[in-house]
Amino acid sequence: MSLQLVTAVNCAGLLQPGCSLLQLDGSVFLFGQKGWPKRSCPTGVFGVRLKKGQLKLRAISFSNDSCYLPPLRCPAVARLEPQGGDPERYLIHGGRTPNNELSSSLYELSLDGRGCNRKVTLRCQERELSGEAPGPRYGHTASVVRSRGKTACLLFGGRSYRPPGERTTETWNSVVDCPPLVYLVDLTFGCCSAHHLPELADGQAFHLALSREDCVYILGGHTMDSDSRPPRLFRLKVELLLGSPLLTCEALDSGLCLTSSIATLVSGGGSGGSAHEYIVLGGYRSESEKRLECSRVVLDDSGIRIEPQEPPPWTGDISHSRTWFGGSLGPGRALIGVPAPRTPTASTR
């Protein structure tokens with residue numbers, strides 16, 4: 001792995017913890033920030049351009065038939081591959097709004113078109129949810145599962161404000177772990193179902209969720225009640241049966257102790273049966289300790305394999321910074337940001 005330093009040009013204030021990086025049609029977009037320059041980009045979505053050691057952002061427009069997409073920090077994000085005539089798109093659920101409110105909406109974000117100067121226009125539609133829909137939350141994960149020719153979105157974890165009956169003036173902005181329920185969302189009709197699995201006894205947030213076909217692997221995460229980051233690893237298997245889905249959970253050994261880490265896909269990732277290989281980097285081992293090591297994670301027919309991966313040579317700014325954040329730039333690439341006077345960022349590959 002290698003490390004390349006890049007400098008944010010006139011956009012350092014937009015690179016903040018909680019932002020998301022999305023890839024559509026070969027382009028990378030930053031989502032979740034608002035206000036640059038001031039009100040000129042109400043959508044909170046920016047095109048990312050990396051060239052000659054500089055990172056530049058360009059405000060992105062939405063199509064006329066799009067709904068309003070608020071800038072959301074720490075939402076659950078899942079990518080849908082193009083299939084059956086549907087374009088590639090992202091599912092975005094929950095997150096914090098600029099007013100510190102929590103969202104419970106599910107949005108679909110896709111590419112609407114490109115102009116003659118390659119100016120990108122995005123399209124956003126809010127999905128109507130019915131049944132046992134998940135409530136407002138942030139710090140959770142969304143995963144796409146496929147079974148028996150059907151596709152669904154699996155949501156798990158996160159944090160929310162205290163229930164209305166427990167929320168007082170003193171605890172108005174305090175949060176708790178959401179109950180450890182697994183939610184399945186039918187992407188055709190928007191029907192939701194909640195599932196309690198005995199193996200998932202504690203709520204958790206800021207974990208990783210990696211999916212392949214009908215399996216989702218949950219790694220790490222933080223539990224508020226015990227203030228712990230145990231090396232957890234769960235495998236959720238989903239069967240999208242006619243009528244009612246069937247979910248099973250298995251606790252596996254050799255988990256990872258991490259929160260807020262980045263998983264960048266190296267190979268695989270399509271709708272076929274090939275193995276999926278990820279590099280997991282960044283995040284935290286504890287409240288005061290960053291996770292400086294990297295891991296190689298492979299998902300295939302036999303399950304999951306986790307192996308240590310030689311990390312890039314971290315710079316002094318990264319090693320000594322208390323906070324770092326970022327996301328995937330696409331296959332084998334990631335963007336890591338650290339607070340600094342000039343807000344340099346690091347791109348790994």
Side-chain angles (χ1 to χ4, degrees), residues 11-24 27-48 57-80 87-112 120-130 133-144 153 155-162 164 167 172-176 178 183 185 187 190 192 205-206 260 325-328 335 337:
C11 57
L14 295 174
L15 300 174
Q16 299 292 335
C19 62
S20 303
L21 290 176
L22 316 174
Q23 303 105 44
L24 287 170
S27 299
V28 180
F29 302 93
L30 175 77
F31 168 64
Q33 309 302 321
K34 185 177 181 180
W36 171 81
K38 295 193 176 177
R39 297 184 181 179
S40 68
C41 184
T43 65
V45 180
F46 300 85
V48 177
L57 301 181
R58 179 179 183 180
I60 298 298
S61 301
F62 277 43
S63 63
N64 293 332
D65 61 344
S66 292
C67 68
Y68 172 65
L69 176 65
L72 298 166
R73 295 192 182 189
C74 302
V77 176
R79 183 175 182 270
L80 277 165
E88 63 175 336
R89 58 200 191 278
Y90 274 88
L91 299 173
I92 301 172
H93 179 269
R96 281 182 179 267
T97 71
N99 296 327
N100 222 26
E101 299 172 346
L102 301 184
S103 170
S104 62
S105 299
L106 177 66
Y107 300 96
E108 276 193 11
L109 186 67
S110 60
L111 183 72
D112 185 68
V120 173
T121 303
L122 299 180
R123 183 174 186 266
C124 180
Q125 296 294 316
E126 182 176 357
R127 295 296 303 269
E128 292 187 9
L129 302 179
S130 60
R137 62 191 62 208
Y138 73 102
H140 55 311
T141 53
S143 307
V144 175
C153 178
L155 299 169
F156 176 70
R159 290 182 181 154
S160 63
Y161 290 125
R162 294 179 179 273
R167 208 174 177 192
W172 191 257
N173 287 324
S174 63
V175 296
V176 295
C178 296
Y183 294 89
V185 181
L187 296 180
C192 304
F206 299 105
S260 303
F325 54 92
S328 174
L335 182 71

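Numbering starts at 1 and runs along the sequence shown.
In this structure, Ser104 and Pro136 approach most closely via the heavy-atom pair CB-N, 3.6 Å. Minimum heavy-atom separation, Ala76 to Ala142: CB-N, 3.5 Å. Listed here is the closest heavy atom pair of Cys67 and Phe62: O-CD2, 4.5 Å. Of all heavy-atom pairs between Ser110 and Arg89, the closest is CB-CB, 3.8 Å.
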Can Glu126 and Tyr68 be said to form a side-chain contact (heavy atoms from CB on, under 4.5 Å), step by step? CA-CA 8 Å; Glu126 182 176 357; Tyr68 172 65; over 6 Å; no
Assess the residue pair Ile92 and Leu72 against the criterion (side-chain contact (heavy atoms from CB on, under 4.5 Å)); give the C-alpha distance rounded to whole Å, side-chain angles, the decisive distance to 0.1 Å, and a yes or no. CA-CA 9 Å; Ile92 301 172; Leu72 298 166; 4.2 Å; yes
For Phe29 and Leu24, run side-chain contact (heavy atoms from CB on, under 4.5 Å): C-alpha distance rounded to whole Å, both residues' side-chain angles, the deciding distance at 0.1 Å, then the answer. CA-CA 8 Å; Phe29 302 93; Leu24 287 170; 3.8 Å; yes
For Phe46 and Arg58, what are the C-alpha separation, side-chain angles and deciding distance, and is it a side-chain contact (heavy atoms from CB on, under 4.5 Å)? CA-CA 5 Å; Phe46 300 85; Arg58 179 179 183 180; over 6 Å; no
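Counting only heavy atoms from C-beta outward, the side chains of Ile60 and Phe31 never approach each other to under 4.5 Å. Residues Leu30 and Val48 meet the side-chain proximity criterion, which asks for heavy atoms closer than 4.5 Å. Looking at Leu129 and Tyr183, their side chains never come closer than 4.5 Å, going by heavy atoms from C-beta outward. Side-chain contact between Glu88 and Arg79 is present, with heavy atoms from C-beta onward closer than 4.5 Å. The closest side-chain heavy-atom distance from Cys153 to Leu187 is below 4.5 Å. In this structure, the side chains of Leu91 and Tyr107 stay at 4.5 Å or more apart for every pair of heavy atoms. Within the 4.5 Å cutoff, no side-chain heavy atoms of Thr97 are placed close to those of Pro71.
Asp65 and Ser63 share a side-chain donor-acceptor pair at under 3.5 Å. Arg162 and Ser174 share a side-chain donor-acceptor pair at under 3.5 Å.
The distance from atom OG of Ser143 to atom CG of Leu155, rounded to the nearest 0.5 Å, is 8.0 Å. From Cys178, atom SG reaches atom NE2 of His140 across 8.0 Å, with rounding to the nearest 0.5 Å. Taken from OH in Tyr138 to CZ in Arg159, the straight-line distance is 5.5 Å, to the nearest 0.5 Å. Remark: Leu21 CG to Phe325 CZ distance equals 10.0 Å, nearest 0.5 Å. Considering CG of Leu80 and CG of Leu109, their distance stands at 11.5 Å, rounded to 0.5 Å.
Side-chain atoms of Ser66 come within 3.5 Å of backbone N or O of Cys124 as a donor-acceptor pair. A distance-only check finds a donor-acceptor pair linking the side chain of Tyr90 to the backbone of Gln23 [under 3.5 Å]. Although no hydrogens or angles enter the test, the distance criterion places a donor-acceptor pair under 3.5 Å between the side chain of Arg137 and the main chain of Gly157.
A salt bridge links Glu108 with Arg127: the distance from a Lys NZ or Arg NE/NH1/NH2 to an Asp or Glu carboxylate oxygen falls below 4.0 Å.
Of the candidates Pro134, Pro75, Ser103, His93 forms a side-chain contact (heavy atoms from CB on, under 4.5 Å) with just one, namely Pro134.
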